[in-house]
Amino acid sequence: MALPTHVGIIMDGNGRWAQKRGLPRTAGHKKGAETLKKVLKYAREKGIKVVTLYAFSSENWSRPKEEVDTLMNLFREYLKNDVNELIKEGVRISFIGQRERFDADLIEQMNHIEEKTKELTNFHVVLALSYGARDDILTAVQKLAQKVKEGALAPNEIDMRQISSHLSTAHIPDPDLIIRTSGEQRISNFLLWELAYSEFYFTPVLWPDFNEKEFEKAIEDFELRHRRFGNVV
Ligand code: FPP
């Protein structure tokens, strides 16, 4: 099978990576940010079109303050510095999730980057930040209900396309492949609607140890699969 167009990644295992080395969990996140940069470079060079990274779930806010603060500073640094490199190379960057929960400077930065890169087409990085798929579906349903209330839409006009087009992912194709690191085999509220026909690749490798070679393995595994989309061929 051909290369996946869109790969979703659940970057898991930063904390365990650090604990195994007697380091604070935050050290795992810092190393994880390095992995992310390498993997994006590789994916772009390989010819993949979209990568969505699950960087912070809507449940992650309840982690200890020190850990949340470290993650916020990593996002801040990434959006301020590393993203410029991507922009120079024609990469579109967008964000999904509850943006309003972040500090004002981060919200401003996200809006600015999204606006500045919206016409770029070489590669698309989607960062899921304070993201939860159920929340995204709920918001889409509320928007549709409002349109029905206003008479702009009849209830029987609500079809799958309408739901897809009201999600925060309306501007990207459904993921072909979802990778989760660290040995956990669950979805944890990531892209629930969009992954209906995705292939899954679970690896025991912890995210900070994930690299180009491991990514290549996931792609090779995907290429061997035969997707039928519910059909028989
Ligand atoms: C899951 O590992 C990882 C996260 C909650 C954070 C992911 C963040 C990064 C990779 C940092 C950089 C991101 C950007 C966008 C610059 P975990 O902490 O749940 O690990 P554990 O399951 O071993 O405890």
Side-chain angles (χ1 to χ4, degrees), residues 7-44 50-87 91-99 101-103 105-114 117 123-133 135 168 178-191 202-212 214-215 218:
V7 179
I9 309 181
I10 304 176
M11 309 181 286
D12 195 13
N14 292 352
R16 275 165 283 166
W17 181 91
Q19 274 156 1
K20 265 171 56 179
R21 287 162 177 76
L23 298 169
R25 293 175 54 81
T26 49
H29 295 315
K30 286 180 191 151
K31 183 77 168 55
E34 296 306 315
T35 302
L36 172 148
K37 292 177 215 165
K38 279 190 276 180
V39 165
L40 285 181
K41 185 167 184 294
Y42 178 80
R44 191 172 77 231
V50 188
V51 174
T52 299
L53 298 151
Y54 204 6
F56 195 80
S57 77
S58 41
E59 289 77 34
N60 286 153
W61 291 108
S62 53
R63 291 194 174 193
K65 184 175 181 310
E66 192 211 340
E67 185 170 343
V68 172
D69 286 348
T70 299
L71 282 166
M72 291 303 135
N73 284 330
L74 281 174
F75 300 153
R76 201 167 261 120
E77 212 174 288
Y78 186 74
L79 300 186
K80 232 169 130 188
N81 304 322
D82 303 286
V83 146
N84 290 321
E85 210 48 48
L86 296 176
I87 298 176
V91 179
R92 180 177 182 186
I93 300 145
S94 45
F95 304 90
I96 55 172
Q98 306 154 318
R99 198 170 308 191
R101 293 186 73 179
F102 290 92
D103 285 349
D105 68 307
L106 275 171
I107 298 176
E108 202 180 304
Q109 193 73 355
M110 288 187 230
N111 292 342
H112 173 71
I113 292 169
E114 221 167 48
T117 65
F123 182 57
H124 190 173
V125 175
V126 183
L127 289 173
L129 292 173
S130 189
Y131 175 83
D135 180 73
S168 62
I178 305 274
I179 298 173
R180 182 172 189 147
T181 58
S182 94
E184 308 295 347
Q185 301 196 5
R186 54 178 175 263
I187 298 307
S188 303
N189 207 10
F190 186 50
L191 303 178
F202 297 106
T203 168
V205 176
L206 302 174
W207 177 252
D209 288 330
F210 196 77
N211 54 27
E212 294 89 339
E214 294 297 333
F215 192 78

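When a ligand or atom number is given, it counts from 1 through the structure's own listing order.
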*asked:* Using a 4.0 Å cutoff against the non-hydrogen atoms of Gly32, which atoms of ligand 1 qualify?
replied: 10 (C)

*Name the closest protein heavy atom to atom 3 (C) of ligand 1, giving the residue it belongs to and the distance to 0.1 Å.*
Met11 O, 3.1 Å

_Please determine whether any non-hydrogen atom of Gly13 lies less than 4.0 Å from an atom of ligand 1._
yes

*Taking distance alone, with no angle check, do Leu36 and ligand 1 share an N/O pair under 3.5 Å?*
no

_Between Asn84 and Lys80 (side chain of the first, backbone of the second, donor and acceptor by atom type, cut-off under 3.5 Å), is there such a pair?_
yes

*State if Arg63 counts as touching ligand 1 under the rule of any non-hydrogen atom under 4.0 Å.*
yes

_Ionic contact status for Glu34 with Lys31, cut-off 4.0 Å_ = no

*Provide the number and element of each atom of ligand 1 under 4.0 Å from a heavy atom of Arg16.*
21 (P), 22 (O), 23 (O)

*Element-labelled atoms of ligand 1 that are located less than 4.0 Å from some non-hydrogen atom of Ala33*: 12 (C)

*Can you check whether Ile96's main-chain N or O pairs, donor with acceptor, with Ser168's side chain at less than 3.5 Å?*
no

*Okay, side chain of Glu114, backbone of Phe95: is any donor-acceptor separation there less than 3.5 Å?*
yes

*Taking distance alone, with no angle check, do Trp207 and ligand 1 share an N/O pair under 3.5 Å?*
no

*Identify which of Tyr78, Tyr54, Phe56, Phe210 has a heavy atom lying nearest to atom 16 (C) of ligand 1.*
Tyr78

*asked:* Could you identify the single nearest non-hydrogen protein atom to atom 8 (C) of ligand 1 and state the distance to 0.1 Å?
replied: Ala55 O, 3.7 Å

_Sidechain-backbone polar pair: Arg180 side chain, Arg186 backbone, donor-acceptor under 3.5 Å_ = yes

*Of all the heavy atoms in Glu184, does at least one lie under 4.0 Å from an atom in ligand 1?*
no

_Distance-only N or O hit between ligand 1 and Asn14, under 3.5 Å_ = yes

*Looking only at protein heavy atoms, identify the closest one to atom 4 (C) of ligand 1 and say how far it is in Å.*
His29 CE1, 3.9 Å

*With only distance considered, is Trp17 within less than 3.5 Å of ligand 1 through an N or O on each side?*
no

*asked:* Can you report which non-hydrogen protein atom sits closest to atom 24 (O) of ligand 1, along with the distance?
replied: Arg25 NH1, 2.9 Å

*Which one of Lys30, Gln19, Arg25, His29 satisfies the side chain to side chain contact (heavy atoms under 4.5 Å, CB included) criterion with Asn14?*
His29

_When you measure from the side chain of Arg101 to the backbone of Ser130, do you find a donor-acceptor pair of N or O atoms at a distance under 3.5 Å?_
no

*For Thr181, does its backbone N or O pair with a side-chain atom of Trp207 as donor and acceptor, under 3.5 Å?*
no

*Should the ring pair Phe190 and Tyr54 be called parallel, tilted or perpendicular, given that the plane angle runs from 0 to 90° and is split at 30 and 60?*
parallel

*At under 4.0 Å between heavy atoms, which part of Asn60 makes contact with ligand 1: side chain, backbone, both or neither?*
side chain

*asked:* Starting from atom 13 (C) of ligand 1, what is the nearest protein heavy atom, named by residue and atom, and what distance separates them?
replied: Phe75 CE2, 3.6 Å

